[in-house]
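None of the values given here were measured: they were computed from a predicted structure. Labels below follow one simple rule: chain letters A, B, ... track the order of the sequence lines, proteins then strands, and each chain is numbered from 1. Basis for what follows: all heavy atoms, side chains included, without hydrogens, waters or symmetry-related copies.
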Protein chains: 2
Amino acid sequence: MAPLSQQMQQLSETCSHCSLRYLCLPDHLDSHDLEKLERLVDSGAPVLAETELFAQGEGLTHIYAVRNGSAKTVRIDEEGFEQILGFYYPGDILGFDGFADQHHHCSAVALETSHFCRIPVDQLDALVDELPSLRQRLVRLMSQVLSEDGRMMLTLGRKDSEGRISSLLLGLSRRRALRGMPASSVPLNMKRADLANFLSMRLETVSRVLTRLQRAGVIKVSQNRVDILDRDALRERSSRGAWVADQS
Amino acid sequence: MAPLSQQMQQLSETCSHCSLRYLCLPDHLDSHDLEKLERLVDSGAPVLAETELFAQGEGLTHIYAVRNGSAKTVRIDEEGFEQILGFYYPGDILGFDGFADQHHHCSAVALETSHFCRIPVDQLDALVDELPSLRQRLVRLMSQVLSEDGRMMLTLGRKDSEGRISSLLLGLSRRRALRGMPASSVPLNMKRADLANFLSMRLETVSRVLTRLQRAGVIKVSQNRVDILDRDALRERSSRGAWVADQS
DNA sequence: CGTAGGGTTGACATGTTTCAACATCAGTGG
DNA sequence: CCACTGATGTTGAAACATGTCAACCCTACG
C-alpha cells in the first residue's frame, strides 16, 4: 500500500477518481464536462488546525471543497459577536455565501489538519456559462444548503438543550453514513466551545447534556468521540422538548 | 390618476416598468435580456390572505416574486412541528429552496391580499442557459438569501427576547427603507403567533416585550403597526442581551 | 348586543445561564 | 520520571429569563 501522503496526493488530483464525486460538485457531470472542471481544481498543501481558509469581508477568489478533515464557518456580526454557522466534512463546499457581492460573509477555519480543493471562482464562473450541467449542479447544491439552513433554524429555535445535542449528533451521524463511514461512532473534531456556540448554548450545558445522555445509556462519550448506543432513544430525545407550534 | 386596480395591472405586466426591478430578478439585466425574462412572467389574480402559493413537498413548477402585499414561508419538520422561515415583501423571491430536488421544502402563504409574479422554472431554466447575466443574477440572489439566513441564525441563537424583537423590527424597517417606504412606521402584517413562531418565542413573551419597549418610549404600538420612536435605543437593545461568545 | 378570535397581563414553574470550584489531560522543563 | 502549567472539560448552587397556565380585555363583525 502506498504511503498515506502519496495516496491523498493522487486522490486530490482528479475529480474523476475521487471517492466523493457523487457528493461534491462533480455529481451529475458527464466525463467530458468533468474533465474541464478538473482542470480548475487545485489541491494545495495540507491546512493545519485553526488555519483560516478565507476571512469574512475578504474578496471572493476561490471556493473550497473539503477533501478530507473538517472545517467550520464563523461569522462575526456588527456588534462583534461570533457565531459558528456550520461544520463541514469531505465533499462539502465552502464559500457559497460569497457569490452575493463577491465578498465572503463568514470566515472558514480548519478544525484539524485537512486538505481542500481550491476552485477559482472566475474560471468556475466562465465554465458555468459553458456547461449547463455544472450550472444546474451549482444551483442545486446552493439550494440544498438553503434548505439545510432552514432545518437548522428549526432546531435552534424550537428545541431544548437535549434536543439540540441529540439532533446534532444524529445529523453528524447521518452525514458520516452518506460518506460511507461508520455512522455510530461520531468524532467530535470541534471543541466543546464550538459545539456550544453552534447550538447557542453555554459549554457547561453541552457538557451536562452529554453526560446526562451517557448516564441514560444513549451514547458513550470518550473524549472527542461519541458512540451512539441507542439511536432510537436519541431520535426520541431530539424531538422531545421541541415546542408545540402555536396555531397560526 | 387611473384606478388602483388598473394601475397594478399595468405594473405587473412588464418588469421594465416595475418599480421593484432593482431589487428583484431583473436587476443588472440589459433591456434586451429583460424583455426575454418579461415574457416568462405571469402576474395572476390577487391572492387572498392565508392562501397557499405552493405547498411543502409539492413539485417545483414556479417561483414567485412578491409584487405587492406580503407572504411567509413555513416548514413542517419530520415530527410535525411548524416553523416560519421568513417574511417576504415586494421584490423578494419565493421558492429558491426548491431547486435542490425540484420539490418545495416549505410552504408559502400570503399574509394579506397580495399580488405575485409567477415564473415557470422550466422556462426560466432554459433562459438561464441562454443569458449569463440572468444566471449570475440568480446565483447572487440565492447567495444573498444564504447570507441572510446566517444573520437570522445569529439572531435566533444569541439574542434574548428583547434583542430578537428589536432586531426583527429594525430588519423590517430596513427592508421598508430599501423599497422607498417610510422606515419608521412598520406594519406588522403577520399575527403575533407568527412573530412568536418566527422568533422562537411564545406569543405571550412577544406581547410583553412589545409593551415593555413601548413603555420605555422606544416604539409605539398601535394594533398592527409599530412606530419606531428611538431608533438608536432600539439598536442598542437589539445587541444588548446578546451573549458573549466563548473563546474558540 | 353577543360572540369569537386575537391580544394582553399576572402568578408560578422550570430550564438554562452564571459564577465558581474542581478534574483531567498534554506538553514542557527540571 | 515527575512536577508544573495552561487549556479544556466537568460539576455544583443560585439567579434569572422565559415558558406555562389561566384570566381578562379588546375589537370586529354578524
Side-chain angles (χ1 to χ4, degrees), chain A residues 49-50 72 81 84 111-113 155-168 187-216 219-226 237-238 240-248, chain B residues 49-50 72 81 84 111-112 155-166 168 187-216 219-226 237-238 240-248:
Chain A
E50 302 295 314
K72 63 178 175 183
F81 297 114
I84 292 180
L111 289 172
E112 56 195 306
T113 304
T155 296
L156 225 48
R158 307 216 96 63
K159 296 182 178 174
D160 63 7
S161 56
E162 201 171 287
R164 293 185 199 185
I165 294 277
S166 305
S167 296
L168 179 88
L188 298 181
N189 343 57
M190 65 297 284
K191 306 202 182 106
R192 293 284 188 277
D194 285 339
L195 277 184
N197 181 306
F198 180 60
L199 296 174
S200 296
M201 315 168 24
R202 314 262 64 179
L203 54 84
E204 292 95 327
T205 311
V206 172
S207 193
R208 273 186 254 271
V209 172
L210 283 176
T211 58
R212 199 192 311 160
L213 287 175
Q214 177 163 234
R215 268 202 264 275
I219 61 174
K220 183 165 160 300
V221 185
S222 39
Q223 52 219 23
N224 282 340
R225 154 161 263 96
V226 170
R237 279 159 196 264
S238 86
R240 212 193 313 156
W243 303 340
V244 223
D246 287 302
Q247 74 294 349
S248 145
Chain B
E50 301 296 313
K72 64 178 173 182
F81 297 115
I84 293 180
L111 289 173
E112 58 195 306
T155 295
L156 225 50
R158 307 216 97 61
K159 296 182 179 175
D160 63 9
S161 57
E162 201 171 287
R164 291 186 200 185
I165 293 278
S166 305
L168 180 89
L188 297 182
N189 341 60
M190 64 298 285
K191 305 200 183 110
R192 293 284 189 277
D194 285 339
L195 277 183
N197 180 306
F198 180 59
L199 296 174
S200 295
M201 317 169 21
R202 316 265 62 182
L203 52 83
E204 293 95 326
T205 310
V206 172
S207 195
R208 272 187 255 272
V209 172
L210 283 176
T211 57
R212 199 192 312 159
L213 288 176
Q214 176 163 234
R215 269 203 261 275
I219 61 174
K220 184 168 159 298
V221 186
S222 39
Q223 53 220 21
N224 281 339
R225 155 160 262 93
V226 170
R237 278 157 197 266
S238 86
R240 214 195 308 159
W243 303 340
V244 220
D246 288 302
Q247 73 295 350
S248 143

Nearest whole angstrom, please: distance from the [atom2] of [N] to the [atom1] of [X].
| X | N | atom1 | atom2 | answer |
| --- | --- | --- | --- | --- |
| B/Arg158 | C/dT17 | CZ | P | 10 Å |
| B/Leu213 | C/dT9 | CG | P | 13 Å |
| B/Arg225 | C/dG7 | CZ | P | 15 Å |

Taking the side chain as every heavy atom from C-beta outward, state whether [X] and [Y] have any atom pair closer than 4.5 Å.
| X | Y | answer |
| --- | --- | --- |
| B/Ile84 | B/Met190 | no |
| A/Ile165 | A/Val206 | yes |
| A/Arg158 | B/Asn197 | yes |
| A/Thr205 | A/Leu199 | no |

For this session: Give the intermediate values and the outcome of side-chain contact (heavy atoms from CB on, under 4.5 Å) for residues A/Leu210 and A/Ile219.
Result: CA-CA 8 Å; A/Leu210 283 176; A/Ile219 61 174; 3.9 Å; yes
For this session: Any chance you could list the contact pattern along nucleotides 9-19 of chain D? Use B for base contacts, S for sugar-phosphate-only contacts and - for none, protein heavy atoms under 4.0 Å, 5' to 3'.
Result: SBBBB----SS
